[in-house]
Amino acid sequence: MNLEGLNEVQKKAVTKTEGPLLVLAGAGSGKTRVLTTRIAYMIKELGIDPYNILAITFTNKAAKEMKERIINLIGPSAYEMQISTFHSFGLSIIKENYEKLEYKKNFTIFDSDDSLSVVKKIIKEMNLDPKQYNPRGIKSKISSAKNELITPEEYEKFVTNEYEELVYKVYKSYQKKLKVNNSFDFDDLLIMPIKLFNENKEVLKNYQERFNYVLIDEYQDTNEAQYILTKMISAKYKNICVVGDENQSIYSFRGSNYRNILNFEKDYANSEVIMLEENYRSTKNILEAANAVIKNNKQRKDKKLWTRQDEGVKIKYKRLVDEKDEAFFVKAKIKSLLEDGVTRNNIAILYRTNAQSRNIEEVLLAENIPYKVVGGFYFYQRKEIKDLIAYLKLIHNSNDDISLQRIINVPKRKIGLKTIQKIQSRANDLNSSLFDSIESGKELEFKKIINDIIAKKPKLSITELVEEVLDKSGMRQELKNEKTLDAEIRIENLEEFKSITKSFEERYGTIMLDEFLEEISLVADIEEYKDKRDVVTLMTVHSAKGLEFDYVFVIGLEETIFPHKNSLMDNEQLEEERRLCYVAITRAKKELFLLNAKRRRIFGMDTYSPQSRFIEEIGDEFLESLNSENDVSISNARNIDSSIEYKIGDNVTHITFGEGIVVAINKSILSIAFPHPYGVKSIMKGHKSIRKE
DNA sequence: CGGCAATGTGTTTTT
DNA sequence: CACATTGCCG
């Protein structure tokens, strides 16, 4: 096993395999390399069975990457290893033990929207005004409680006011509903294994024996449930290695607690601590800028990253007129980088909120610069896709009342509120699911459709099953009848869904419905199923954690955006924004551009914000301002050939997005439907990026 | 029951 | 601005 090329500290982190180990790994300190080498070392040098190793990462992407890198190091035996996110690890335990949890095999997983629907429904049933009691707020309270491992019974004890009393009632009923629906929400994927282990010590023992080597990445982002789960699994052998950096803790809104990492030494006796402080990623300027920002946080261990690298060029800062100008600046800069021979894969644009991607997309689109948006909710969030998935969920688990209610009248079957109330009350009387309680009326026809598909299911592939649903449900026909552009796009999207199922089948062979539903509920990011292309990357700073790029643009550095307005009042939250900024800066290897806009349209309203405080915190030493007194907008240049006429239905080819169909024309703007995952894009008539067939 | 217009409400961040 | 929800009419 070749450990050359690792520094002394890294080598130690690789070879100290027994007992508790805390690796404090600063940004860019070669953490992933250490982790993968460590696992390879354990298997190859020490002969540890990969089956006995559990590695937990924070995102599916990280899990996938880690697995690939280990396979490169040691070959296919790495497939024996469990490398997954906390949530998919939890799910795998649930799958092996659903009976002990008193669930049926065909359980489903509720996504955040499903959970919200349940809460809304409960509030309605309690005859409360959802305006007065915001369902989102209540849902988030419930989720926090669950992640703190507080049961409804325990929650009741802490109730101090009317609102908490209400949350308690909703929480209790929420849990009951999940159970009746034979379903788990995201939080359950962590909690249920803990419950299982508490009630079945021998089950826990089996997992402890199996996973006698445990590795946890991004430990600073673990919440209470994840913390306890980790502790339980590793309690027997205590061969636990956690890796993290409290300066990069950015998920407290999800209950994560960076104190878990600070307390590690107290939690595990005889633990060893290794600090990786040499940064191999960024230039001195970038690294020092990051240090300058983070030192403003009071709550942190004092540690400082250093690098042997050159100073590099100063960070560029530019304040622009508005968000369009900002996007144009990014585009212009990217173009010149590309002309200098930089490849698109080495460029990223980072932002605080998902909504900010839009302006950038429009400009890149018009300029034929291929890009991908990572993590956007894009596809799976579309109505028609969610409807289709609801059909699949109901077919899989007929107890899923939430899915049933979503689609019982999709397409329109003249089943309205009255009918649903009727079914509901019969279901209550019979103590059955909505689906089982149906025995007459229009709804019986719906039931028949579902039952027919269920009967055919064993003989069908997922793609065929989807086809069957689109066909027999009447969804496709209804959209076809509409003959609107909107409907056409929806049909396109549904067809596109089949290309996902197909790529699944090509990749994994025959896949069962439950596996498929599982996958799409846990891996929301469609980019994961696509081949790597040479494109510019757009994503939130949160999604960028763990990644690196030669050239990084951070946009929207304004007070109220970054730091976000909701965080300005609370110092704890402000410090988290600052850590987020630290993450953003440290993504860059060679050059960093910081941008903001004087004026920005938010909710259709013009808003004016001063520059982000983080700009000043970096200071002139590392920062070069590109602002001058007489700045003018640069966003008026356009390249259009107005002589080309278009009509709806025209086939066009876009250099980046391939073949598309014109689905709408609004003055000089064309709406063109492109294949998945691009969807419908707006492009100027006659723009040089498109060619009429 | 469906359709349409009026009204209102919201965006941090993600498994 | 974009969308979801509500209220009213046929």
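Below, chains carry the letters A, B, ... as their sequence lines are ordered, and counting in each starts from 1. Fair warning: this is a prediction, and the values are worked out from it, not measured in the lab. Quick note: numbers below take in every heavy atom, side chains included, and nothing from hydrogens, waters or symmetry partners.
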- [ ] May I ask you to say what A:Phe562 touches in the nucleic acid, namely base, sugar-phosphate or nothing, with a heavy-atom cut-off under 4.0 Å?
- [x] nothing
Task: d(CD, A:Glu323; P, B:dT11) in whole Å - done: 20 Å
TODO: Give the nucleotide from the list B:dT11, B:dG3, B:dG10 with an atom nearest to the side chain of A:Ala355.
DONE: B:dT11
TODO: Starting at atom NZ of A:Lys61, determine the distance to atom P of B:dT14, rounded to an integer number of angstrom.
DONE: 12 Å
Task: Residue A:Phe603, side-chain heavy atoms: nucleotide from C:dC1, B:dT15, B:dT14 that is nearest - done: C:dC1
Open item on the list: If we ignore hydrogens and angles and just use 3.5 Å, is the side chain of A:Ser143 paired with the main-chain N or O of A:Lys139 as donor and acceptor?
Closed with: no
- [ ] Would you kindly give the NZ-to-P distance between A:Lys386 and C:dC3, to the nearest whole Å?
- [x] 13 Å
Open item on the list: Check this one for me: any side-chain N or O of A:Ser543 less than 4.0 Å away from OP1 or OP2 of B:dT14?
Closed with: yes
Task: Protein-nucleotide distance (A:Glu519, atom CD; B:dT15, atom P), rounded to Å - done: 13 Å
Open item on the list: When you measure from the side-chain N and O atoms of A:Asn60 to the phosphate of B:dT15, is any distance below 4.0 Å, counting only OP1 and OP2?
Closed with: no
Open item on the list: Does B:dG2 have its OP1 or OP2 closer than 4.0 Å to a side-chain nitrogen or oxygen of A:Asn409?
Closed with: yes
Open item on the list: Does A:Lys565 reach a base, just sugar-phosphate, or nothing at all? Heavy atoms under 4.0 Å.
Closed with: nothing
Task: Proximity to the side chain of A:Ser112 - top-ranked nucleotide from B:dT15, B:dT13, B:dT11 - done: B:dT15
- [ ] Establish, yes or no, whether the cationic atom of A:Lys179 lies under 6.0 Å from the six-membered ring centre of A:Tyr103 and within 45° of the ring axis.
- [x] yes
Open item on the list: When you measure from the side-chain N and O atoms of A:Thr59 to the phosphate of B:dT15, is any distance below 4.0 Å, counting only OP1 and OP2?
Closed with: no
- [ ] Tell me, please, whether A:Phe58 has A:Lys545 positioned over its six-membered ring: NZ or CZ under 6.0 Å from the ring centre and within 45 degrees of its axis?
- [x] yes
- [ ] For B:dC1, take OP1 and OP2 only and decide whether either is under 4.0 Å from a side-chain N or O of A:Lys442.
- [x] no
Task: Closest to side chain of A:Lys418, choosing from B:dC1, B:dT15, B:dT14 - done: B:dC1
Task: Nearest-Å distance for atom pair CG/P, residues A:Asp217 and B:dT15 - done: 15 Å
Task: Length of the CD-P vector between A:Glu576 and B:dT13, whole Å - done: 13 Å
Task: Nearest-nucleotide pick for A:Thr540, side chain only, options being B:dT11, B:dG3, B:dT13 - done: B:dT13
TODO: Identify which nucleotide among B:dG2, B:dT11, B:dT14 has an atom closest to any side-chain atom of A:His564, counting heavy atoms from C-beta outward.
DONE: B:dT11
TODO: Assess A:Arg254 against A:Tyr251: is NZ or CZ under 6.0 Å from the centre of the six-membered ring, and within 45 degrees of the ring's axis?
DONE: yes
TODO: Measure from CD on A:Glu577 to C1' on B:dT13 and round the result to the nearest Å.
DONE: 8 Å
Open item on the list: Measuring from the side chain of A:Thr85 (C-beta onward, heavy atoms only), which nucleotide among B:dT15, B:dT14, B:dC1 has the closest atom?
Closed with: B:dT15
TODO: Could you tell me whether a side-chain N or O of A:Lys442 sits under 3.5 Å from a main-chain N or O of A:Ile415, the two making a donor and an acceptor?
DONE: no
Open item on the list: Does a side-chain N or O of A:Arg136 approach OP1 or OP2 of B:dT11 to a distance below 4.0 Å, or not?
Closed with: yes
Open item on the list: With a cut-off of less than 4.0 Å, is there a side-chain N or O of A:Lys545 near OP1 or OP2 of B:dT13?
Closed with: no
- [ ] Could you check whether A:Gln573 gets within reach of a base, just the sugar-phosphate, or nothing at all, counting any heavy atom under 4.0 Å?
- [x] base
Open item on the list: Quick check, does A:Phe253 stack with B:dT13? I mean ring centres under 5.5 Å and planes off by under 30°.
Closed with: yes
TODO: Let me know, please, whether A:Gly416 or A:Ser88 comes out on the 5' side of the other along DNA chain B by nearest nucleotide.
DONE: A:Gly416
TODO: State which of B:dT14, B:dC1, B:dT11 makes the closest approach to the side chain of A:Asn354.
DONE: B:dT14
Open item on the list: Using whole Å, what does the distance between atom C1' of nucleotide B:dT15 and atom NZ of A:Lys139 come to?
Closed with: 11 Å
Task: A:Asn397 side chain vs A:Lys393 backbone, donor-acceptor pair below 3.5 Å - done: no
- [ ] Can you figure out which of B:dC1, B:dT15, C:dA4 approaches the side chain of A:Lys383 most closely?
- [x] C:dA4
Task: Pair A:Lys31 + A:Glu218, salt bridge at N-O below 4.0 Å - done: yes
